[in-house]
Amino acid sequence: MAGHVPLSYGSRKTVKKAAEEPLFIRVFLTVVAFIFLFLFLVLPLAAIFIKAFEQGIHVYLAAITEPDALAAIKLTLLVVLLTVPVNALFGIAAAWAITKFDFKGKSLLTTIIDLPFAVSPVIAGLVFVLLFSTHGLFGDLLFANDIKIIFAIPGIVIATLFVTLPFVARELIPLMQSQGSSEEEASLTLGAGGWKTFWLVTLPNIKWGLLYGIILCNARTVGEFGAVSVVSGHIRGLTNTMPLHIEILYNEYQFSAAFAVASLMSILAIVTLIFKNMIEWKANQHG
Amino acid sequence: MKNKQVLSKFLISMATTAVILAGCGNSKAGNESEENESEENAASSSKESVELLNVSYDPTRELYEEFNKEFAAHWKKETGQNVTIQQSHGGSGKQGRAVIDGLEADVVTLALAGDIDEVAKAGLTAEDWQTRLDDNSTPYTSTIVFLVRKGNPKHIKDWGDLAKKGVSVITPNPKTSGGARWNYLAAWAYGDKKFSGDEKKIKTFVGDIYKNVEVLDSGARGATTTFVERGIGDVLIAWENEAFLSLNELGKDQFEIVVPSISILAEPPVAVVDKVAKKKGTEKVAEAYLEYLYSKKGQEIAAENYYRPRDKEVLAKYADQFPKINLVTIDDDFGGWKTAQEKHFNDGGTFDEIYQPK
């Protein structure tokens, strides 16, 4: 769940080597991979759509246009709009600092960025409950000033920010490390300023990796359940994101409705996947 | 080169959006606190609309969905004020915890008094909350029954059958679920009567039942889903209202309700969360909301959702629906929730003694 493979530029040599293996091994491995993918990915995904349309298109449409569902969709999109840009900017800044400069505490920063991957999302949620609950560190201050953080939208955004923090940075760091800083140095020697160097040299070099990181960050933001569940308070039509809404519908025996909203999320995921592949393809063309 | 321009434009626009959104967020937060301030100022005078948050336990979803509509209409007629009631549902203990942590509930309607006691202990409501409304502040009651598969293939008639070998039982975890604690105590009450108070034998008996438990879910609704949807187990120990609901929602041709010879009078109480209501200026409407549960209309809605109404007339009207069961009570037979909680469910209590996870 937490780990991911950085954008790779598949090299031709390894492909050639694999092709030299005996035929039956190649066929065997391919078949195993496909059966596994079918059983664990395609089949469950298909089940979602079958269940969603079980009671007809009307039930489906009613489920995704019902006020609580719309509120959940809106909230999820709001969280995406707030979280993804912030983490993209943070990711660029962090990767830039780590790969282009030498400073004390660099390895510490690299480690800390990975922290959200190592910590369970539930713990991430509980941390913010500890900080912002009525009996938490800032509890009295918040209550006195009537500021709501947990069990309200700010808490959901903060928890999501925490969980999705590493995605962009983790994507950019290896890429920028492999590129080194020679191009930037050349640009600076030729008289370009720092800002100009960033826009004209660094950014074009990392653009596909950046977009890839943003897409991963976006996917996780939409789907995050654990951390958000802890800080949400589960108020219908107010603090339920799409994954939480699905759980509620399921527990209310509204199975078709639950899977209708789930199918909406799956479509979102598939679209994200298509984007991801397009970007990988583009990156390969350019790289 | 063209690509570079496109990308930098994209990034600039993204950064701008982020800044604007951050600004929006702030101004929104500002507006909200202003709104709250004006709400506070206007609390004494009449406002056009008011919002309540009812934090409740798992199986009351359908009950309050219906009741909230009815109360909103009633309140509008009485005062001309629009009231919107928001709902939050989950395991009773978990919900109480959330309220203590700052979930701003105007009213709590939980599965057992112990969970509201915790809310009171945190200073959010008066210690004597349970005396403020009639009938121990419980406008409706329920009890614990069995749900079995159609035709009752394992011939489950009473608590004794649950302890038999080869019977698979589904009940939630008493540590996290309010309903599960009622289940446990009902089984205990049967053992108490059968072995005339011999605690060692009662423990063995209840232990035998829990040896048969295949899945220990964290909440009542989760346990129902396990039994009904996933098809696990021969018998579900459930709230009476939950059992009826499963029957109606998922098919009378699949399940049957079995009423045991003895069960427990489960009292899920309600209370206004004083500290929050005072801050939000919603005390009056919150109190009226809970009192309306005791009205004829409120009692009817409870009965229609398979909760046993307190009102004698309404109960008589729905008498066919609720079989007569020999019911023990928490106060008479277990010395109240505090004693029961300490003896049975706290760490090292009887539940820990008899239950060993497989």
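Just so it is clear, the model here is predicted, and its values are computed rather than measured. Each chain gets a letter, A, B and so on, in the order its sequence line appears, and its residues count up from 1.
- For Ala105(B), no part lies under 4.5 angstrom from a heavy atom of chain A.
- Nearest approach of Gly233(A) to Ser88(B), heavy atoms of both residues: O-OG, 2.7 Å.
- Counting heavy-atom pairs closer than 4.5 Å to chain A, the top residue among Gly90(B), Gly222(B), Gly219(B), Gly102(B) is Gly102(B).
- Atom-to-atom distance recorded for Leu103(B):CG and Ser232(A):OG is 8.5 Å, nearest 0.5 angstrom.
- Neither the backbone nor the side chain of Gln95(B) comes within contact range of chain A; no heavy atom of the residue lies under 4.5 Å from a heavy atom of that chain.
- In this structure, Phe225(A) places its CZ atom where more than 12 heavy-atom neighbours from other residues, nucleotides or ligands lie under 6.0 Å away.
- Taken from CG in Leu124(B) to OG1 in Thr134(A), the straight-line distance is 6.5 Å, to the nearest 0.5 Å.
- For chain B, no part of Leu130(A) is nearby; none of its heavy atoms comes within less than 4.5 Å.
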Next on the checklist: Please determine whether side-chain contact (heavy atoms from CB on, under 4.5 Å) holds for the pair Glu252(A) and Glu249(B), giving the CA-CA distance in whole Å, both sets of side-chain angles, and the decisive distance to 0.1 Å.
Outcome noted: CA-CA 10 Å; Glu252(A) 283 179 359; Glu249(B) 292 271 327; over 6 Å; no
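- You'll find the side chain of Arg61(B) reaches within 4.5 Å of the side chain of Asn251(A), heavy atoms only.
- Each of Gln86(B), His89(B), Lys94(B), Gln87(B) has some count of heavy-atom pairs under 4.5 Å with chain A, and the biggest count is that of Gln87(B).
- Interface residue Ile235(A): backbone and side-chain heavy atoms are both found under 4.5 Å from chain B.
- Within 6.0 Å of CG on Asp140(A) lie no more than 12 heavy atoms contributed by other residues, nucleotides or ligands.
- Atom NZ of Lys74(A) has 12 or fewer heavy atoms from other residues, nucleotides or ligands within 6.0 Å.
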